[in-house]
Amino acid sequence: MLTTNFLGKKFKNPLVLASGILGVTAASLNNALKQGCGGVTVKSVSLLPRPGHPNPTMAGFDHFFINAVGLSNPGVEKAVEELKKFKGISDAPLIGSIFAGTPEEFGEVATKICAAPIDFLEVDISCPNVSKEFGTPFAYDIKAVEAITKKVKASSKVPISVKLSPNAWNIDEIAVVAEAAGADAITAVNTVSGMVINVKSRQPLLHNKQGGVSGPALFPIALKCVYDIYKKVKIPIIGTGGITTGEDALAMIMAGATLLGVGSAVYFRGDEVWQKIALEMEEIMREENINSLEEIRGCAHL
Amino acid sequence: MLTTNFLGKKFKNPLVLASGILGVTAASLNNALKQGCGGVTVKSVSLLPRPGHPNPTMAGFDHFFINAVGLSNPGVEKAVEELKKFKGISDAPLIGSIFAGTPEEFGEVATKICAAPIDFLEVDISCPNVSKEFGTPFAYDIKAVEAITKKVKASSKVPISVKLSPNAWNIDEIAVVAEAAGADAITAVNTVSGMVINVKSRQPLLHNKQGGVSGPALFPIALKCVYDIYKKVKIPIIGTGGITTGEDALAMIMAGATLLGVGSAVYFRGDEVWQKIALEMEEIMREENINSLEEIRGCAHL
Amino acid sequence: MKDSNFLPIKKIVNETDSVKTFYFQHALGSNPGQFVMLWIPGLDQKPFSMAFDDGQTFGLTIFKRGALTEKLFSLNTGDRVGIAGPYGTSFSIKPNTHYIMVAGGYGAAPLGFLAEKFTGLPDVKIDFIAGAHDDKHLLFEERLSKISNLKLHLATDDGSKGHKGYVTDLLTPLLSTEQKSLVVTCGPELMEKKVLDICNQNNIECEVSIERYMKCGVGVCGQCAIDPLGICMCTHGPVVSKELANQLTEFGNYHRDKTGAIIKY
Amino acid sequence: MKDSNFLPIKKIVNETDSVKTFYFQHALGSNPGQFVMLWIPGLDQKPFSMAFDDGQTFGLTIFKRGALTEKLFSLNTGDRVGIAGPYGTSFSIKPNTHYIMVAGGYGAAPLGFLAEKFTGLPDVKIDFIAGAHDDKHLLFEERLSKISNLKLHLATDDGSKGHKGYVTDLLTPLLSTEQKSLVVTCGPELMEKKVLDICNQNNIECEVSIERYMKCGVGVCGQCAIDPLGICMCTHGPVVSKELANQLTEFGNYHRDKTGAIIKY
Ligand SMILES: Cc1cc2nc3c(=O)[nH]c(=O)nc-3n(C[C@H](O)[C@H](O)[C@H](O)COP(=O)(O)OP(=O)(O)OC[C@H]3O[C@@H](n4cnc5c(N)ncnc54)[C@H](O)[C@@H]3O)c2cc1C
Ligand SMILES: Cc1cc2nc3c(=O)[nH]c(=O)nc-3n(C[C@H](O)[C@H](O)[C@H](O)COP(=O)(O)OP(=O)(O)OC[C@H]3O[C@@H](n4cnc5c(N)ncnc54)[C@H](O)[C@@H]3O)c2cc1C
Ligand SMILES: Cc1cc2nc3c(=O)[nH]c(=O)nc-3n(C[C@H](O)[C@H](O)[C@H](O)COP(=O)(O)O)c2cc1C
Ligand SMILES: Cc1cc2nc3c(=O)[nH]c(=O)nc-3n(C[C@H](O)[C@H](O)[C@H](O)COP(=O)(O)O)c2cc1C
Ligand code: FES
Ligand code: FES
């Protein structure tokens, strides 16, 4: 009922662990699969290891999650080891994820991560928390998106998905640019910029002050991004952002998504969140006489 | 304790009814004041009457509100009558609000609304729901912001506040442009673009399909916008977006706001929302030995 | 995510040539006088009062007016519409009371729903005054006749049934009863205003259903704010007490259209 | 908006020259073995187990290590820190049981908290084995001596107090009692591993507190995921059963640093 074909690969269901949630270890990724997702995305890795920001790097609230991890990761080489280990214990679809400070570096990391048996490569140009560090935010810069997409496409052995930011008001146009530059898919969206101020300490809660907002608060924003992008591109979309229930998941498919990234929902609904969402999707589909996701993909555009 | 001086005018508290909530009638505005706000903003008006979109034009959910009213309003002339009526029954600070399709038209509406006894004029360049109708969205276009601000400033008899969109990733730079062009204040923010899809009908819930998201989901996004803008401009900020509790209100002041727009909270906490928020602010201030809002304004930047 | 319900029409009853009652199987849990927002995707969404609600099934009695109601009239059982609510205030349900219900047009729907709440309660006596242009447009005669403690009084403009003239002509004579009386009214605003005036003159308790143009139904947009108090009729109404109605100088004088412009009665 | 608490330090007790206990007056409602994330604004936020919680006041026993704990040691009563939690699993509280508690370093803190839960419960008997480098670093001797149903066994590396050698040397002799035994342990991982091994050999129930580098504390970031199950120690731990610990081949072998890179023990 939920089987999904994405760029020629079969997913038992469209739910994929979003990048950065539950980290990078092979075992942790495999555990997410045991909890019901159809595929996994690894935390974004960079050329060199990064310790990330001091804590607090994230915090959960009633209706959103916020993080500024500072893209901590063990570097692409260590990550490749974990990814190889993962493919030793699971044959589920595996999506690598990379970020870098220049188009050239993106190409370099892409080449390196392709030493691992990944099925797809996500290109994270949209983390809202490191913008100052790397100059003009790539996610809002059409030229940068074009250059990075081309570089990664040329360096990658597997299909690539460019991950966009909901802070780009013209996200649909940016998706068009990425498609033209060779992207095989679009991941929409990363977190939206936000902040929490702790009133008693009179300070921003996150060490990085600003952070990326995810979870339920992001859902209506992400849904609109996916809807707009679907109107403009032919390549498939990994709809991501605030999906917390089976109803959210189906709404995202109706907006046009093929795969569904689920991350913060693990905070709101626990480890077994993918299983829960998949069951809820099936229940609604039965009630509504929907036999396959193909049948309803993009139907909100009719 | 909550008394606030904004551009030379005294507000009994910093909470102002945000534009578009509770509409345009003198009696409705006055009722909001009875419920405890320190000032009121009128629903944005245009040169000619507009019926707005068919329903559903708005809907409330657990943690956000969404609307695409289509800027329905009785036109500036009818509005002027209501505003005169309002000043006949209340001497509370009154903020007019206008929108238009071109800088020239903005100037024209500004001139006309100044026939009413308004204390300030808010310039709504940021409604996310009419963008296609009026061409390139003004809120993301530095040249448009500059031109509109100059026109309105030249036409207005009262200080003006330019209302910005959280969808502009460079909202702080846009605030700088507005300030340079003569804005006396910045209102940040309007709603953020979003969508709700009704899964059973397989369609976007709002007649306009997309809408503007407000309420708690918007709060961390708005807070970050105000924080960023405060860093860059000297003029005061009307912090708006998702303020629902006294704690939210104080956080917004700590980010740098002078006045606080409160709108959707009326959906989440009922008519008496301003009273509730003001009481909560005072309670926290007593606990935290804060004697005035002046004392903590912008303190999250330290 | 909470969302409006999307419910199949269970049954359609033709009441007159331009009035139908649509039934939905859904535990709405509404009280008489409350309303829902009915949505036809792609078209519009408008307020309608409950004409019936027994906890499992509710019904809406709808007059064919413009685009939305015309489309609704073309639907069949099984077709689905959006239902959000119930919203707003409701009529008081009091024991040991003499209810005088004054209905005009679809006002008979919520008042019929109210009357049925008292079925078989001997301490409540109901006089139900229903009016219409002619006998073909009178609503719920049969339904109301089933309520044993209810007495039906009819008025038609053309005298084709019952009293020839206004429902309000029938009201005053009924006021002089022993038991504590409560007048409740729903119908055209000028009729309601006349009912309110009569109750004021006779010092009788009264509840009035005041309809205003509605958009959100939840007290946010201010579309239904009423002068001079500025309170919203979707949350503080539609049903208001005599005392509140007396403060609403707008009532019976004017209302506002979709843009907010004033329209005199 | 929910947020972490920002609490004034109520009392500071110097336990040794590099260990202090910080008390906070706050109804945390934690169980022994759980932890909080302690935040010093502008600096960092790290996990610490509760050493005490009587429902009104809780305490954290903290070893001076690096930047955060050094800063903490410079604070005075009245200064405030952020406290988020309690998080994680806790030790079982069972009636009619012979507890053998094996503590190393600050592990004495959560186990002391656990032991106090049984104060005056005659059906529970506690053997508490505490170890340290020397007698100056032994924790809670006085506090533990107040628990009448608790017998304290001490071990120091240099023999300056109690047994000269490891805490684990003292464990095996205590296992041969009549009552159902539960071994609980908290301390350096290699010590814990040895305790687990002994319990496996002797077929005795055991609970182990496994510490991993933590960022979120709420099961989101995956920082504390442990091989080969990949479960998070902030939510499925820190306290795990013997059965679970036995599946965690990583335990006693390696852990991961902040970047996620493996560090062997
Ligand atoms: C609280 C309340 C309860 C109502 N209950 C009933 C009922 O039980 N049965 C029934 O037939 N009708 C009821 N109405 C009126 C109903 O809303 C209108 O008949 C309907 O909106 C007409 O829509 P249309 O598109 O068919 O016609 P349109 O041509 O759009 O409108 C026809 C007339 O209906 C009224 N109307 C239209 N839209 C609205 C609106 N959004 N809010 C209020 N009035 C509107 C106006 O007077 C308008 O002139 C109720 C209205 C309110 C406010
Ligand atoms: C569940 C749990 C309970 C703990 N309970 C206590 C306790 O009751 N008392 C106590 O003194 N310490 C406790 N710790 C260890 C405590 O977190 C570290 O002592 C503290 O983080 C040191 O921070 P620092 O900045 O002072 O030193 P740093 O120089 O940053 O670190 C010193 C060492 O502490 C450990 N550490 C640092 N950061 C973390 C982290 N985020 N998560 C886990 N370990 C870290 C590492 O081994 C590191 O080498 C506990 C750790 C965990 C995971
Ligand atoms: C703690 C955390 C870490 C994240 N790290 C990354 C990352 O490394 N790379 C990336 O592309 N996205 C990262 N994201 C964004 C998510 O992949 C996802 O796009 C976003 O959280 C929205 O989805 P959600 O609401 O389901 O979490 C991170 C999100 C969170 C909450
Ligand atoms: C129903 C509704 C109508 C609105 N209409 C306007 C408007 O006409 N002009 C305007 O500048 N903002 C309008 N807004 C935006 C609000 O003024 C405010 O900026 C936004 O809702 C965020 O604040 P909140 O979360 O407190 O509602 C409207 C918002 C809502 C919910
Ligand atoms: S209809 Fe919106 S406030 Fe009443
Ligand atoms: S510390 Fe983040 S998952 Fe455990």
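Per chain, numbering begins at 1; letters A, B, ... match sequence-line order.
- Here the side chains of B:Tyr227 and A:Pro204 are in contact, with some heavy-atom distance below 4.5 Å.
- In this structure, B:Phe61 CZ and A:Phe219 CZ are separated by 10.0 Å, a value rounded to the nearest 0.5 Å.
- One distance of note links NZ of A:Lys224 with CD1 of B:Ile66; it measures 10.0 Å at 0.5 Å rounding.
- Within 6.0 Å of NZ in A:Lys143 there are 12 or fewer heavy atoms belonging to other residues, nucleotides or ligands.
- A:Glu295 CD: more than 12 foreign heavy atoms inside a 6.0 Å radius.
- When heavy atoms are compared at a cutoff of 4.5 Å, B:Ile284 approaches chain A solely by way of its side chain, counted from C-beta outward.
- At a threshold of 4.5 Å between non-hydrogen side-chain atoms, the residues A:Lys200 and B:Leu250 do not count as touching.
- In plain terms, the two heavy atoms of B:Met254 and A:Val199 that are nearest each other are CE-O, 3.3 Å.
- Between B:Trp169 and A:Ser193 the shortest side-chain heavy-atom distance does not fall below 4.5 Å.
- Atom CD of residue A:Gln210 and atom CG of residue B:Asp228 lie 6.5 Å apart, to the nearest 0.5 angstrom.
- With hydrogens and angles ignored, the 3.5 Å screen pairs no side-chain donor or acceptor of B:His63 with any backbone N or O of A:Asp62.
- Considering every non-hydrogen atom in both B:Ile197 and A:Ala251, the closest pair reads CD1-O, 3.5 Å.
- Residues A:Met195 and B:Pro220 form no side-chain contact, since every pair of their non-hydrogen atoms from C-beta on lies 4.5 Å or further apart.
- Of all heavy-atom pairs between A:Ile296 and B:Arg202, the closest is CG2-NH1, 3.9 Å.
- Proximity to chain B (any heavy atom under 4.5 Å) is shown, for A:Ile221, by both the backbone and the side chain.
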